[in-house]
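As structure tokens, the structure follows; a few thoughts come after it.
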Protein chains: 2
Amino acid sequence: MSKKVSMKDIATELGVSVALVSYVLNGKFTNRINVETAEKIRKLAKQHNYRPNQIAKSLKSSKTYTIGLIIADISNLFYSSIAHFIEEEANKQGYNVVFGSAYEDPERFASILDVFIAKQVDGLILAVPEGGEKYLERVKEVSLPFVVLDREFAELDRSMIVNIDNYGASKVVVEHFQQQGFTKTAAIALKTNLKHLQARKEGFMETSSQALGLREPLFYEVLEKDLEQEIERIILHAVQVEKVDSLYFFTNRIAMAGLAVLARFDIAVPEQVAVVCFDEADAYKIFKREITYVQQPLKEMSQMAVQKILNPEIRKLKKIFQTKLIVKESTNQIIDNEKL
Amino acid sequence: MSKKVSMKDIATELGVSVALVSYVLNGKFTNRINVETAEKIRKLAKQHNYRPNQIAKSLKSSKTYTIGLIIADISNLFYSSIAHFIEEEANKQGYNVVFGSAYEDPERFASILDVFIAKQVDGLILAVPEGGEKYLERVKEVSLPFVVLDREFAELDRSMIVNIDNYGASKVVVEHFQQQGFTKTAAIALKTNLKHLQARKEGFMETSSQALGLREPLFYEVLEKDLEQEIERIILHAVQVEKVDSLYFFTNRIAMAGLAVLARFDIAVPEQVAVVCFDEADAYKIFKREITYVQQPLKEMSQMAVQKILNPEIRKLKKIFQTKLIVKESTNQIIDNEKL
DNA sequence: TTATTTCATTTAAACGATTAAACAAAAGAA
DNA sequence: TTCTTTTGTTTAATCGTTTAAATGAAATAA
């Protein structure tokens with residue numbers, strides 16, 4: 001019930017000045033301050049369960065020990081994993097995390113950005129949506145440290161970006177399909193201009209073309225809305241009409257929808273189609289065959305993002321993270337009986 | 001590059017007082033203030049892209065427009081969904097969310113609590129871990145509005161709790177199994193003393209006993225560590241030795257591990273065992289059969305939690321949310337050939 | 001012409017902490 | 001005994017904003 005106690009309350013109760021209380025509780029001038037007075041102050045502070053008001057401290061120091069994190073959607077496993085690791089690393093360094101979801105909407109992104117700036121966060125980790133890059137100016141104006149996560153933009157110095165080699169990731173996927181004997185792959189991606197997904201696409205297209213010669217690689221794009229239905233249509237077309245022997249799902253959500261279709265229509269994996277997904281999901285374990293997927297080093301990336309915010313030296317580094325193909329049953333080689 | 005501009009900067013530049021700037025920018029005393037002066041101030045503020053310092057505002061008003069959310073783990077789908085809805089509702093009311101994960105560790109919980117209190121959040125939404133209830137005293141001490149989410153504690157007035165009827169949820173599950181002709185169910189739960197999970201257990205045990213007469217219901221408990229292996233052992237035992245015809249997975253994580261075992265060992269669902277899971281997951285869609293599950297009204301619960309924080313009237317309400325059994329193929333009735 | 005309103009703006013305290021600088025009293029050096 | 005140091009504490013400014021109260025000038029009323 002008791003309201004919060006301030007240094008002033010303690011000072012008044014003991015008939016000393018606020019400054020003295022501050023010095024004692026912060027362990028300053030320990031050699032000058034009377035031991036008994038100090039003891040009295042400490043005791044009363046404990047008794048009243050004194051907690052410094054972080055707001056007041058922040059006003060003086062203009063440090064809030066808070067990092068702002070803007071992602072697409074916290075309920076998406078990819079981002080919630082990142083949030084998890086960012087929180088972990090931030091905590092380790094004595095920082096907290098405020099988060100906001102922009103749902104790929106640049107206006108929403110800008111509005112959250114403004115709020116976080118007004119809140120005086122000490123740094124920002126941003127999964128900038130398409131069309132949101134122009135609002136980064138606002139961050140620069142107030143010279144707030146920031147990094148862009150997952151996404152990339154041409155105007156942005158590489159040292160400000162924490163992401164993976166998307167081109168290379170797709171290259172590895174295509175090569176893996178080849179090695180396992182799958183020669184006709186369809187990739188399914190979101191329709192978007194986001195540069196990192198473009199790179200992922202190019203990695204697929206170019207590597208496929210090289211490997212397959214002239215044949216045009218099969219690349220499908222779906223819109224966010226009606227994703228489920230679109231994917232059903234696409235997969236059935238790819239499998240039944242185009243007779244592909246392998247599918248490459250470009251994102252988490254696409255993978256989920258795609259695997260659901262495969263399960264529902266009893267399309268055998270990998271016998272009828274092999275499957276590779278981008279990003280990890282618990283769910284892959286419960287599909288009839290365990291799923292081969294591209295693993296991003298989320299923990300390392302998150303740590304790097306936080307460290308870039310907090311450490312100017314690390315902020316200068318340019319680093320592209322490499323992904324790892326986790327090979328499971330969904331790309332098992334098919335032994336063709338006729339060749340035996 | 002330019003540092004942040006304050007009201008003082010604007011005031012100085014125009015040779016007026018800070019108070020006047022404040023009045024103008026907050027639209028106070030509009031009838032008294034000279035229209036031209038007001039215009040000048042507004043113009044310069046816009047020009048300099050003035051953003052009020054929220055920290056300073058908070059210090060004066062002791063309102064931070066921030067809600068603290070403490071959950072077990074943001075990367076767990078259940079909590080990230082809740083975080084999503086809480087953020088959504090909080091935003092709608094002009095609030096932000098800071099979050100912390102306590103990983104079911106009461107000390108960690110207490111430490112996050114302290115930080116949030118020092119940060120002067122306006123309210124707290126807490127998934128209190130076992131043994132963490134004693135730290136709620138700290139929150140009461142500073143008379144901060146709070147609600148406990150998902151969990152329940154005897155000492156706590158029901159109006160402070162936002163959760164579901166766990167007993168009833170299990171009752172419905174058992175009855176559903178009965179109706180579908182499954183008579184020997186094993187439930188798999190976490191080993192815990194958390195009251196809400198106890199209620200879930202009692203709902204299962206009592207309804208089962210009543211339905212089955214004297215036969216002791218099969219109830220397995222697993223430890224958090226080695227969860228995967230334990231569950232494998234348990235399921236194989238339940239299915240092969242005890243010959244159960246149905247499984248009831250008590251939580252998200254148990255369900256995932258359990259379904260993975262069923263998939264790996266090719267245990268047919270629902271032909272060999274029917275399955276019901278607690279809580280929703282994308283993953284259920286990609287299991288060979290769609291999974292019947294207990295759905296919590298997460299959105300409504302999240303909204304209620306936020307509203308309880310922000311509205312003293314709603315804070316008084318006592319409400320237990322009801323779950324909904326989403327029936328899918330994993331509990332399809334088995335037509336026994338021998339009876340035909 | 002003097003008193004009263006109205007208008008436009010400023011002063012100053014406050015929120016809760018930090019911190020450089022000032023100060024008074026006691027102790028030590030000359 | 002006077003001067004200098006040391007010891008222990010206070011004063012006051014500051015961070016950026018809000019807001020009640022004060023102020024002074026112009027307009028209106030008496």
Pairs flagged by salt bridge (Lys or Arg N to Asp or Glu O under 4.0 Å) wherever residues 50-59 of chain B is involved - sequence neighbours left out: A:D114-B:R51
Within residues 34-47 of chain B, residues whose heavy atoms come under 4.0 Å of DNA chain C: B:N34, B:T37
Rounded distance in Å - CD1 (B:I10) to C1' (D:dG16): 12 Å
Residue pairs, two or more places apart or on separate chains, that pass salt bridge (Lys or Arg N to Asp or Glu O under 4.0 Å) and touch residues 301-313 of chain B: B:E313-B:K316
Distance-only polar pair, side chains of B:N91 and A:R108, donor-acceptor under 3.5 Å: no
Ring pair (Phe, Tyr, Trp, His ring centres under 6.0 Å): pairs with one or both residues in residues 116-141 of chain A, sequence neighbours excluded: none
Sugar-phosphate, base or nothing in reach of B:S22, heavy atoms under 4.0 Å: base
Side-chain N or O of B:Y50 closer than 4.0 Å to phosphate OP1/OP2 of D:dT17: yes
Write out a two-atom table: protein N or O, nucleotide N or O from nucleotides 12-15 of chain C, distance below 3.5 Å.
unit_1	atom_1	unit_2	atom_2	d
C:dA14	N3	B:K60	NZ	2.9

Salt-bridge present (A:R151, A:E104; N to O < 4.0 Å): yes
Partner residues of A:F146 under the ring-ring contact (aromatic ring centres under 6.0 Å, His included) criterion, sequence neighbours left out: none
Minimum side-chain heavy-atom gap B:E141-B:I117 below 4.5 Å: no
Axial bend angle, the helix from C:dT1-D:dA30 to C:dA30-D:dT1: five-pair end segments, nearest 10°: 80°
Sugar-phosphate only, base, or nothing, as touched by B:Y23 at under 4.0 Å among non-hydrogen atoms: base
Partners passing side chain to side chain contact (heavy atoms under 4.5 Å, CB included) against B:K46 (at least two apart in sequence or in another chain): none
Residue pairs, two or more places apart or on separate chains, that pass salt bridge (Lys or Arg N to Asp or Glu O under 4.0 Å) and touch residues 5-30 of chain A: none
Distance below 4.0 Å between A:S6 side-chain N/O and C:dG16 OP1 or OP2: no
Side chain A:N311, main chain A:Q307, donor-acceptor under 3.5 Å: no
DNA chain D: 5'-proximal contact among A:G15 and B:P52 (nearest heavy atom): A:G15
Side-chain donor-acceptor pair present, A:S58, A:Q120, cut-off under 3.5 Å: no
ring-ring contact (aromatic ring centres under 6.0 Å, His included) partners for B:F29, two or more places apart: B:Y23
B:I55 CD1 - D:dT17 P separation (whole Å): 11 Å
What protein N or O atoms touch nucleotides 22-29 of chain D N or O atoms at under 3.5 angstrom, if any, and at what distances?
none

Nucleotide D:dT11, atom C1' - distance to CG of A:L20 in whole Å: 13 Å
Whole-Å gap separating C1' (D:dT17) and CG (B:N26): 9 Å
Pairs flagged by ring pair (Phe, Tyr, Trp, His ring centres under 6.0 Å) wherever residues 69-98 of chain B is involved - sequence neighbours left out: A:Y103-B:H84, B:Y65-B:Y95
Short side-chain N/O contact from B:N31 to OP1 or OP2 of C:dC7, under 4.0 Å: no
Spacing between A:M7 atom CE and C:dT19 atom P, to the nearest angstrom: 10 Å
Under 4.0 angstrom between A:K28 side-chain N/O and C:dT19 OP1 or OP2: yes
Given C:dT11, C:dT18, D:dT18, the nucleotide with the shortest approach to the side chain of B:S17: C:dT11
Polar contact flag, side-chain donor to acceptor under 3.5 angstrom, B:E89-B:Q93: yes
d(CZ, A:R51; P, C:dA17) in whole Å: 13 Å
